[in-house]
There are 2 protein chains.
Amino acid sequence: MKLEILTKTDNKEVQNKIIAGIKDLINFKNLEPGEKLPSERKLSEKFGVSRSNVREAIQKLEFYGILKPMPQSGTFIANIGITAINGMIEDILELEDPDFKSLVETRILLELKTARLAAIRRTESDLKRIRQALDAYNKMVLEGKDAVQEDLLFHLAIAKASGNSTIETLMLIITPGIITNFEKHHVCDENQVILAMQEHEEIYEAIEKQDSQLAKNKMKLHFDILYQYCYNAKLVT
Amino acid sequence: MKLEILTKTDNKEVQNKIIAGIKDLINFKNLEPGEKLPSERKLSEKFGVSRSNVREAIQKLEFYGILKPMPQSGTFIANIGITAINGMIEDILELEDPDFKSLVETRILLELKTARLAAIRRTESDLKRIRQALDAYNKMVLEGKDAVQEDLLFHLAIAKASGNSTIETLMLIITPGIITNFEKHHVCDENQVILAMQEHEEIYEAIEKQDSQLAKNKMKLHFDILYQYCYNAKLVT
DNA sequence: CATTTTAAATTGGTTAACCAGATTGGTTTG
DNA sequence: CAAACCAATCTGGTTAACCAATTTAAAATG
């Protein structure tokens with residue numbers, strides 16, 4: 001129950017094997033993009049794996065926009081050119097699980113942007129939602145309770161207000177990794193949490209009065225302290 | 001074959017219904033994070049859907065780090081707090097498909113960062129890979145062929161050199177959307193493509209001599225022109 | 001011979017039965 | 001009474017059969 005990786009690992013190896021096989025198929029049997037892949041049954045037979053495994057691999061490539069299964073018709077290769085598909089699949093196969101540092105680095109990058117965009121684009125309802133998240137955070141802190149989740153929701157509310165659905169999606173994707181790592185590293189101490197209340201307030205006010213530069217700077221300050229706390233190093237943006 | 005959304009739409013509705021059901025389950029039956037979800041069989045019966053649908057929904061929530069299926073044991077709720085889970089699931093349910101503008105905006109944000117980081121962290125093999133991608137692009141352009149894919153691979157090579165696996169993953173995720181939209185909008189004309197050769201070269205040189213600020217500026221220039229071309233508006237970074 | 005019809009084969013999706021490992025609760029054993 | 005054991009049960013994963021829509025090519029029709 002603690003080892004969360006092992007059971008999925010062989011599965012991932014099988015998946016990567018299938019994905020590599022599909023890549024070879026596209027290269028070797030020169031299946032043109034836009035064409036159909038062999039049926040799931042044939043692939044499962046060809047690669048010596050279950051059809052479920054083939055479907056999972058296809059789903060993964062569908063997530064990256066490379067394949068598109070069409071019911072009762074076939075699975076089509078995205079029409080984005082054989083070179084791009086090759087490069088992307090290679091990258092996907094080599095992708096390593098993100099480390100904590102790259103997660104934090106990316107989060108800061110995204111959040112500085114969402115702060116700026118939120119200040120520019122926030123609607124009244126956005127503002128209301130951010131305020132609610134902020135109040136919830138303060139309430140927990142003042143009660144002496146752990147407020148990691150509320151902190152997170154405050155930041156997600158800002159991401160939503162940024163009006164950029166792509167960034168919002170990306171924030172959601174990296175969020176769980178952030179949380180689990182934060183809890184693992186015991187990042188937030190008492191002082192941090194209290195201080196963050198004030199910082200959050202300032203970020204909120206900057207977004208409220210639509211001062212994008214100020215919002216970015218306040219967010220940067222917020223993370224600057226966090227970053228130093230994590231790494232004993234100054235944040236470079 | 002052209003309508004790529006319809007067949008998947010009902011599926012998405014079913015999935016969201018299941019995800020919402022799981023959310024209610026966590027809230028209403030107050031399943032604590034860290035605990036087990038009801039079995040897939042029970043969920044499929046409870047929601048009146050197929051077990052496959054339940055599995056797909058679980059996979060989606062697994063992708064966002066909310067659930068963790070353990071073989072022969074059960075599907076566990078991530079130990080990140082009920083509030084965070086609620087907020088995240090709500091966001092996931094409301095997520096809309098990213099629009100072109102948010103894709104471009106996000107891509108520029110990420111690429112400015114990768115350029116800077118690549119300049120700082122690039123290894124010799126990174127450099128070699130970027131050079132190869134650059135040459136491949138130039139070759140295609142000089143032959144008068146379409147080089148959208150090669151352009152993409154050049155940028156992905158830089159992302160890889162950034163040494164930030166999270167950003168690299170995010171780049172991969174947004175890439176297919178970028179490509180298809182670019183081809184749909186016929187963004188790149190002859191002049192752009194020729195000009196980009198020079199811009200790429202300058203980006204490469206900046207990364208080579210590890211001048212991070214220069215790399216960022218050159219990348220910014222590269223996108224600045226592209227952005228104006230797309231929107232007849234000046235890029236704000 | 002071209003066009004339409006139609007029926008057989010193929011497709012991704014769904015369902016149900018099955019598997020091996022994990023869990024659980026009662027029973028045995030020291 | 002506590003610890004060890006064991007079998008019944010439950011789990012996610014896998015397999016195979018099935019479904020309805022689609023594609024195909026052969027057959028019927030003008």
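These figures come from a predicted structure and were not determined experimentally. Throughout, protein chains are lettered first and strands after them, A, B, ... in sequence-line order, and every chain is numbered starting at 1. Note: hydrogens, waters and symmetry copies are ignored here, and every other heavy atom, side chains too, is used.
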Is the shortest side-chain N/O distance from Thr75(B) to OP1 or OP2 of dG12(D) below 4.0 Å? yes
Starting at the 5' end of DNA chain D and moving along, which residue's nearest nucleotide shows up first, Ser73(A) or Val49(A)? Val49(A)
Does His155(A) have its ring centroid less than 6.0 Å away from the ring centroid of Tyr137(A)? no
When you check the side-chain N and O atoms of His200(B) and Asp151(B), is any donor under 3.5 Å from an acceptor? yes
Ignoring the backbone of Gln72(A), work out which of dT22(D), dG13(D), dT14(D) is nearest its side chain. dT22(D)
Return no unless some side-chain N or O of Arg55(B) is found under 4.0 Å from OP1 or OP2 of dG12(D). no
Any N or O donor-acceptor pair linking the side chain of Arg41(B) to the base of dG13(D) at under 3.5 Å? yes
Rounded to whole angstroms, how far apart are CD on Gln59(A) and P on dG13(D)? 13 Å
Rounded to the nearest Å, what distance is computed from the CD atom of residue Glu40(B) to the C1' atom of nucleotide dC18(C)? 15 Å
Atom pair distance, as rounded to whole Å: CZ in Arg51(B) and P in dC18(D): 19 Å
Just by distance, with hydrogens left out, do Thr106(B) and Asn164(A) show a side-chain donor and acceptor under 3.5 Å apart? yes
Give a yes-or-no answer on whether the side chains of Asn53(B) and Ser44(B) include a donor-acceptor pair shorter than 3.5 Å. no
Whole angstrom is fine here: how far is it from NZ in Lys36(A) over to P in dA21(D)? 18 Å
Side-chain N or O of Lys42(A) closer than 4.0 Å to phosphate OP1/OP2 of dT11(C): yes
How long is the line joining CE of Met70(A) and P of dT23(D), in whole Å? 9 Å
Between Ser52(A) and dG13(D), is there a contact of a side-chain N or O with OP1 or OP2 at under 4.0 Å? no
Look at all strands and tell whether Ser39(A) reaches a base, only sugar-phosphate, or nothing, counting heavy atoms closer than 4.0 Å. sugar-phosphate
